[in-house]
Amino acid sequence: MTDGFADILIRWYADNHRRLPWRETSDPYLIWLSEVILQQTRVAQGLDYFRRFVARFPDVRSLAEAPQDEVLKLWQGLGYYSRARSLHTAAKDIMARFGGRFPEDYEAVRSLCGVGDYTAAAICSFAYELPYAAVDGNVYRVLSRVYDVDLPVDDAAGKRYFAELAQSLLDPVRPGLQNQATMEFGALQCVPQRPDCGACPLADRCLAQAHGTVGRRPVKRGKAAVRPRYFNYLCIRCDGTLLLRQRTEKDIWRNLYEFPLIETDAETEFDALQRTSAWKAWFGGERRMRIGERTAMPRHVLSHRIIYACFQEIELERIPDSLSGFLRVPEAELDRYAVSRLTERYLERRRAAGVNVKVGKLFDS
DNA sequence: AAGTCGGGGCG
DNA sequence: CGCCCAGACTT
């Protein structure tokens, strides 16, 4: 009669869940891999990446022994690239500290690079049936509505509150199943926008629905506006090669590759770009230069990270010493390098147009 | 406690 | 365009 929270969710799950590859295994390595891929990422977006990673890296050892550039290349387009670096670091760590055997207790799992509270709980409950509540964005939403909690879910007090609430609701007999069920319920039924509360099995006990606050749960603290950034890429061609470099600095797209970049603090026309110190440092005395196409004015390309970027084609007859720090990559080999989606899209356009780079006027400084 | 890190899909 | 997504880490 008095079905508990867990019973209702588990029954709902039995009737409604999606069949996903990482749910067909209890291999902690595969579960770990899926959890990292799915951090801040929708299932639909991560699914193919998971398949490709499993095919290429079927176990910890194969991942640990791969070069980082290959891991990043396979991760290309997924975003949050620190996940790929951490995944690789952790794989090597598992080889070193645990002889290649995936750790089996919570503290050891939690100690792996890139594994936080959520991921450790997910791995331990799914793979080992250990009683740790996994609290992700779905769980925050479900709990904040069912219990009509108005604490912000993204500050320390709120996180602690929801973690304790979820743990107190966890049936230790089947923690993995309950965690899966709660998250799937949040993903499919208790969705962020316009949930179908009329069809909800928890409707009779959902306090937010009783109070009419479903649309305002979960509560989040406001976030500061993000500073726009302006990237001016230079596709410098010389003798069939393009200049490329790896982003090693601590910033977005770390360890991915890109064209020589001049970042400015506002939209910058081409002639203004030539007056920047970066330009002068690279091309100061260079006269044998042809200026090709430039993508439409600093066009807002990326999503709400707010990066405005343009690409400028340039052809040189020789590479000056000031540019000798860059890699020289034959155009046919560009796709071996992991690049941002922004750069990937430009490369696609560029290739489709057939190495256009129609050289325009001769530039003389 | 607040910032940073991608990219895609949705209304 | 704003919001959100199987979050973790740095400052």
Side-chain angles (χ1 to χ4, degrees), chain A residues 17-18 20-23 31-50 72 75-87 89-90 109-126 132-142 152-160 162-163 166 176 179-188 190-195 215-227 229 247 249-256 300-307 309 338-345:
Chain A
H17 77 272
R18 297 165 289 185
L20 297 168
W22 47 85
R23 289 181 175 155
I31 291 170
W32 168 53
L33 177 60
S34 74
E35 290 303 333
V36 175
I37 286 175
L38 293 173
Q39 285 168 7
Q40 293 291 284
T41 303
R42 295 170 189 280
V43 167
Q45 190 185 356
L47 194 50
D48 283 336
Y49 284 86
F50 177 79
L72 278 172
W75 198 273
Q76 175 175 306
L78 238 200
Y80 281 141
Y81 297 93
S82 68
R83 294 182 292 171
R85 300 192 305 268
S86 295
L87 193 72
T89 298
V109 173
R110 177 66 178 77
S111 77
L112 296 173
C113 188
V115 175
D117 292 339
Y118 161 75
T119 303
I123 293 170
C124 290
S125 66
F126 299 160
Y132 292 91
V135 185
D136 73 336
N138 293 306
V139 178
Y140 284 127
R141 190 167 54 253
V142 172
V153 297
D154 53 357
D155 69 16
K159 284 178 181 165
R160 186 165 50 247
F162 282 98
N179 280 337
Q180 288 276 20
T182 309
M183 290 190 289
E184 189 77 339
F185 184 77
L188 299 183
C190 196
V191 294
Q193 306 296 329
R194 302 176 66 82
R216 288 181 279 142
R217 301 287 179 268
V219 172
K220 298 192 174 181
R221 67 170 210 276
K223 67 273 177 237
V226 293
R227 168 179 69 98
R229 299 178 66 175
R247 290 181 67 90
E249 63 273 19
K250 203 162 158 181
D251 193 5
I252 60 171
W253 300 327
R254 184 173 176 184
N255 290 12
L256 269 59
H300 160 294
V301 180
L302 224 63
S303 58
H304 81 293
R305 255 337 102 188
I306 320 242
I307 292 178
V339 298
S340 67
R341 284 288 284 143
L342 172 64
T343 295
E344 186 183 16
R345 283 209 192 86

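Note that the structure is a prediction, hence the values are computed from the model and not measured. A, B, ... follow the sequence lines: proteins, then strands. Residue 1 opens every chain.
Residue A/Arg341 places at least one side-chain N or O under 4.0 Å from the OP1 or OP2 atom of B/dG8. A sub-4.0 Å separation between OP1 or OP2 of C/dC5 and a side-chain N or O of A/Lys220 is present. Remark: A/Tyr80 is not in phosphate contact with B/dT4, judged by side-chain N or O atoms under 4.0 Å from OP1 or OP2. At the phosphate of C/dG7, neither OP1 nor OP2 sits under 4.0 Å from any side-chain N or O atom of A/Thr41. In this structure, A/Arg18 does not reach the C/dA6 phosphate: none of its side-chain N or O atoms is under 4.0 Å from OP1 or OP2.
Taking atom CG on A/Leu188 and atom P on C/dA6, their separation rounds to 9 Å, with Å as the unit. One atom, CD1 of A/Ile307, and another, C1' of B/dT4, lie 12 Å apart when rounded to the nearest Å. For the pair A/Trp32 CH2 and C/dA8 P, the interatomic distance rounds to 13 Å; values are reported in whole Å. Here C/dA8 presents its P atom at 12 Å from CH2 of A/Trp75, a figure rounded to the nearest Å. Look at CZ on A/Arg247: it is 12 Å from C1' on B/dC5, rounded to the nearest Å. Rounded to a whole Å, the OH atom of A/Tyr49 is 13 Å from the P atom of B/dG6. What separates CG of A/Leu78 from P of C/dC5 is a distance of 17 Å, to the nearest Å. Computed from coordinates, the A/Leu47 CG to B/dG8 P distance equals 16 Å when rounded to whole Å.
At distances below 3.5 Å, at least one donor-acceptor pair connects side-chain atoms of A/Arg110 with backbone N or O atoms of A/Val115. Side-chain atoms of A/Arg254 do not come within 3.5 Å of backbone N or O of A/Ser82 as any donor-acceptor pair. Between the side chain of A/Arg141 and the backbone N or O of A/Cys190, at least one donor-acceptor pair lies under 3.5 Å.
In the set C/dA6, B/dG8, B/dG7, the nucleotide with an atom closest to the side chain of A/Arg42 is B/dG8. Closest to the A/Gln39 side chain, of the nucleotides C/dA6, C/dG7, B/dG6, is C/dG7. Each of B/dC5, B/dG8, C/dG7 was ranked by its minimum atom distance to the side chain of A/Ile252; first place goes to B/dC5. In the set C/dA6, C/dC9, B/dG6, B/dG6 carries the atom at the smallest distance from any side-chain atom of A/Arg83. Here C/dG7 is the nucleotide among C/dA6, C/dC5, C/dG7 with the atom lying nearest to any side-chain atom of A/Thr119. For A/Gln193, the side-chain atoms get nearest to C/dC3 when compared with the rest of C/dC3, C/dA6, C/dG7. Comparing B/dA2, C/dA6, C/dC4 by their nearest atom to the side chain of A/Arg221 picks out B/dA2.
With P as the reference atom, C/dC3 and B/dG3 are 16 Å apart, rounded to whole Å. B/dC5 sits 22 Å from C/dA6 when the P atoms are compared, rounded to a whole Å. Nucleotides C/dA8 and B/dG9 are separated by 23 Å at their C1' atoms, to the nearest Å. If you take atom P in C/dT11 and the same atom in B/dG6, they sit 15 Å apart, rounded to whole Å.
Looking at heavy-atom distances under 4.0 Å, A/Arg23 makes contact with a base. If you check every strand for non-hydrogen atoms under 4.0 Å, A/Val139 touches nothing. The residue A/Asn179 sits apart from the nucleic acid: no heavy atom pair falls under 4.0 Å. The residue A/Gly186 sits apart from the nucleic acid: no heavy atom pair falls under 4.0 Å. A/Ala122 comes within contact range of no nucleotide atom at all, as no heavy-atom separation falls under 4.0 Å. Within the 4.0 angstrom heavy-atom criterion, only backbone atoms of the sugar-phosphate kind lie near A/Ser340; the bases stay farther away.
Checked by atom type, the side-chain pair A/Glu35/A/Tyr118 shows a donor-acceptor distance below 3.5 Å. Under 3.5 Å, the side chains of A/Ser340 and A/Arg247 contain no donor-acceptor pair of N or O atoms.
Between A/Asp251 and A/Ala157, the residue anchored closer to the 5' end of DNA chain B is A/Ala157, taking for each the nucleotide with the nearest heavy atom. Annotation: of the two residues near DNA chain B, A/Asp155 and A/Ser82, the 5′-most nearest-nucleotide partner is A/Asp155. Looking at which nucleotide of DNA chain C each of A/Lys250 and A/Trp22 is closest to, the 5′-most match is held by A/Trp22.
Legend: residues meeting side-chain hydrogen bond (donor to acceptor under 3.5 Å, both in side chains) with A/Arg23, ordered by chain and number and at least two apart, are A/Tyr13, A/Gln180, A/Glu184.
Atoms CH2 and CG, from A/Trp22 and A/Leu47 in turn, are 5.0 Å apart once rounded to the nearest 0.5 Å. The structure places CG of A/Leu87 at 9.5 Å from CD of A/Gln39, a figure rounded to the nearest 0.5 Å.
The side-chain contact (heavy atoms from CB on, under 4.5 Å) test with A/Phe50 is passed by exactly one of A/Leu20, A/Ile37, A/Val43: A/Ile37.
Between A/Thr182 and A/Asn138 the shortest side-chain heavy-atom distance does not fall below 4.5 Å.
Taking a pair as Watson-Crick or G-U with both hydrogen-bonding distances under 3.5 Å, the stems of three or more pairs touching DNA chain C are B:1-5 with C:7-11, B:7-11 with C:1-5.
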